[in-house]
Participant: 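So that we are looking at the same thing, I have put the structure below in structure tokens.
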Amino acid sequence: MLNLIIKDIKNILYDKKTLAIILIMPIVLMSILGAALKGVFSEEDNDNDIQVYEVAIVKEYNYELELDKYKGIFESGFLGDFKGDFDVEGIDPEKIFFEEFMENKEIKEILNYTIVDKETGEQLLKENKASAIIFLPRNFVYDALISLTTPGRNTVAIEIVKNSEKQFSADMVEMIIGRFSEAMNANIAKKTVLINSIIGNGFEQEQIDKFTKLIQDQTTEKVNIAVREVTGEDSLTSFQYYSVAIMTMFLLYAASIGGKALIEEKNEFTLQRLEVSGSTIAKIAMSNFFRIISIAIIQSIIMIVFSSVAISVLWGDVKTVLVAMLCSAFAVGGLGVLVSVLTLVTDRYYIANIFEFGIVNLMALVGGSFIPVEILPKALQKINFIAINGSAINIYLNGMKYRPMEENMRYILLLIGMGVLFILCAGIALKASKKRRVIA
Amino acid sequence: MELLKVQNISKQFKKIKAVDGISFTLNKGEILGLLGPNGAGKSTTISMISTLIQPDTGEILYADTSIIKKPKVIQESLGYVPQEIALYPMLSGKENLLFWGRAYGLKGKKLKDKIEEISDIIGIKDRLKDKVKTYSGGMKRRLNIGVALLHDPELIIMDEPTVGIDPQSRKHILDTVIGLNKKGMTVIYTSHYMEEVEYLCNRICIMDQGKIIAEGTKEQLIKQYNTTRDIKLKLENYSQEVLKKIELLNCVISVSLLEEEIVVKATQDKKLFKDIVDLLNDDGADIHSMDIVEANLETVFLQLTGRILRD
Ligand SMILES: Nc1ncnc2c1ncn2[C@@H]1O[C@H](COP(=O)(O)OP(=O)(O)O)[C@@H](O)[C@H]1O
Ligand SMILES: [Mg+2]
């Protein structure tokens, strides 16, 4: 039996594609998600140890001059019939950038800015006192106003100079400011259509007011979206939730790899050879069970270690983590064995495929690996624990919240029960097919 | 001494009767050949003997014990070389040998020594560390055999072990089989290559459409089922009359013209050769070549079924 397991594990280690799916993929996914979350989310609860990036902002524009220039153009009738004197107040680009964006509660927790001149900015960068310099270019105010309120589309190019020694935080800054630009551009695209239609139909003061309001609403809304917080459970961070979610989802892939194991051995004719050597299919299936468990545990450990080190996820209570890991591996092992046996006795490879592409993804969804359970429809929330990953997620999350073990009992029993049930079903399927089975 | 006794086994796959009431015995120390075209039922027969499939009817006794009831009896003493390469391509040759050795309960030094010995026999020693998927077809075939030899089986069953390989590897394999047999191993060897079976086997069962249609030593089979041989002539300046005269000779069955060649089918007769030459000389014909195709298992099979062995 040990021999079989060693062989199976070697086979996986040598198979780079499979290895990539079960180990590298989740790590990559976690990293990407981690980085993305880091840029957009803030961690409200532990504001002590959260890092604030210092940035220097250099204003290269002349506010008064550019505002006058804009007003001049606006009132001169340069824009044809489209003129008037509505209030610039609500769409003041400087105000939007500084007061609505940089001073936004979430942004402020990540970015701390000081307005400086160019030389001072460069000095700060050199002395590693800033992660980046943000240049608001000449004509920033004018271009932004034109873009926001007229059919013209003057691009607003905010320039960022990154500190190469603070690569990571500089990237963060770039990403956040990128969000701002995106929001601006999105608005610009929308309003161009709107202005064109107004100009086409002639205009009334009422319409202009409406339009002005619309621009203001949109601008604030967009900027808000860029920094919107999707909150995890209670006191948990999004990092924690998604690390658990991704990990449990990839556990299901361990089952789907195991699900193909027997039929693949059959197609390679090694299964037949094993049978002739005296190993029963039941024994081979059991070894497959241990293989899936081993993969699942190795996956879990690697992902837990990786997420704690690389993106500082706190996994909470060690005992709960261990329990969650073992129970979920057990259930996943049972599931994989059942699939492998069903695929073998029916001799239908597509059963394993259906499982891999259909059931795994369905479980991942229902269990809450793709999106938090809270967002799912109520009916799905109710049966969430049926998916292995659903129960596993619950235990892990409880561990992170240092909840007592009693609260996990129901999930633990569920996972173990599922594992046992799956194995029993697999056994019955093997027995029932014994007479008819032709493996040659 | 009888090692294996197969009694009236059959196996039906849905519509196909793959094996249809086969019986034979295998004596210790012999090489028994199962010769038959593709689809004759050789592999199915072997699968039943190696406990992979249960026969629908009949009984198989190994050392007087039913292996249908007690598969373990044969499993431990059987080396099974399947028709397909049944190895782990991602593992190295050595890892495969280790794995299969352990599957047969070998371990430690004994297993290590055995791997040394076997890799010598099958001639893959210098490639042991490489992954099997990088091996040539011939090397895979040889390893496929090697894996079945690790546990010193009493009986080794080889199912078409030379399919699709180079002549050198084939020669190596055939010589290996003879070597093993000399050391006392009993062998069942299936093939659709008549030459291999002729070269190796003490006794031959000719199979077709799920049945054994003839059985015996090569000589017995030829004597029993093949009384004719072909004489192939390449001639110039000959008359049609001489062909008629040849055809009228006592032991000649037929004379036919195949492209450039004249084929004379005749029963075994020592005088025939001389008679033909005499007739041709009288006719003044130039004899460019004269070829006698002796009867072999191929012609036996043709005689028995009206078809040729190979596709
Ligand atoms: N598992 C199977 N299912 C259905 N038909 C099979 C199966 N195995 C063999 N057969 C059929 O049984 C016949 C005998 O096959 P086989 O024993 O492999 O012949 P051979 O080894 O002599 O080429 C063939 O017609 C083959 O198609
Ligand atoms: Mg065959």
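Just so we're on the same page: letters track the sequence lines, and every chain starts at 1. This one's a predicted model, so the numbers in the text were calculated from it and none came from an experiment.
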Participant: Hey, could you give me the NZ/OH distance between A:Lys7 and B:Tyr88, rounded to the nearest 0.5 Å?
Facilitator: 3.0 Å

Participant: For B:Asn144, is it the side chain, the backbone, both, or neither that has a heavy atom closer than 4.5 Å to a heavy atom of chain A?
Facilitator: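 The answer is both parts of B:Asn144.
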
Participant: Around atom NZ of A:Lys10, are there more than 12 heavy atoms of other residues, nucleotides or ligands at under 6.0 Å?
Facilitator: yes

Participant: Measure distances from B:Leu78 to the heavy atoms of chain A and classify the residue's part below 4.5 Å as side chain, backbone, both or neither.
Facilitator: side chain

Participant: Against chain A, label B:Lys107 side chain, backbone, both or neither, depending on which of its atoms sit under 4.5 Å from a heavy atom there.
Facilitator: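 It is neither, since no heavy atom gets under 4.5 Å.
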
Participant: Drop me the distance from A:Tyr14's OH to B:Leu91's CG, to the nearest 0.5 angstrom.
Facilitator: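 Nearest 0.5 Å value for the OH-CG distance: 6.5 Å.
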
Participant: With a 4.5 Å cut-off on side-chain heavy atoms, are A:Arg273 and B:Trp100 touching?
Facilitator: yes

Participant: Quick one: closest heavy-atom pair of B:Pro89 and A:Glu268, and the distance?
Facilitator: CD-OE1, 3.6 Å

Participant: Could you tell me which of B:Lys131, B:Gln83, B:Gln75, B:His151 has the largest number of non-hydrogen atom pairs under 4.5 Å with chain A?
Facilitator: B:Gln75

Participant: Which atoms of B:Ile85 are under 4.5 Å from chain A, going by heavy atoms: the side chain, the backbone, both sets, or neither?
Facilitator: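 The backbone, not the side chain.
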
Participant: Please give me the minimum heavy-atom distance between B:Ala86 and A:Thr270, naming the atom from each residue.
Facilitator: C-CG2, 3.6 Å

Participant: Distance check, rounded to the nearest 0.5 Å: B:Phe99 atom CZ versus A:Asn11 atom CG?
Facilitator: 9.0 Å

Participant: Give, as side chain, backbone, both or neither, the part of B:Tyr80 having an atom under 4.5 angstrom from any heavy atom of chain A.
Facilitator: both

Participant: Indicate the atoms forming the closest heavy-atom contact of B:Leu52 with A:Glu275, along with that distance.
Facilitator: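 Heavy atoms of B:Leu52 and A:Glu275 come nearest at CD1-OE1, 3.5 Å.
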
Participant: Enter the distance from A:Ser277:OG to B:Arg102:CZ here, rounded to the nearest 0.5 Å.
Facilitator: 14.0 Å

Participant: Looking at CD of A:Gln272 and OG1 of B:Thr51, how far apart are the two atoms once the value is rounded to the nearest 0.5 Å?
Facilitator: 11.5 Å

Participant: Measure A:Leu2 against the heavy atoms of chain B and call it side chain, backbone, both or neither at under 4.5 Å.
Facilitator: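 A:Leu2 has no heavy atom closer than 4.5 Å to chain B.
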
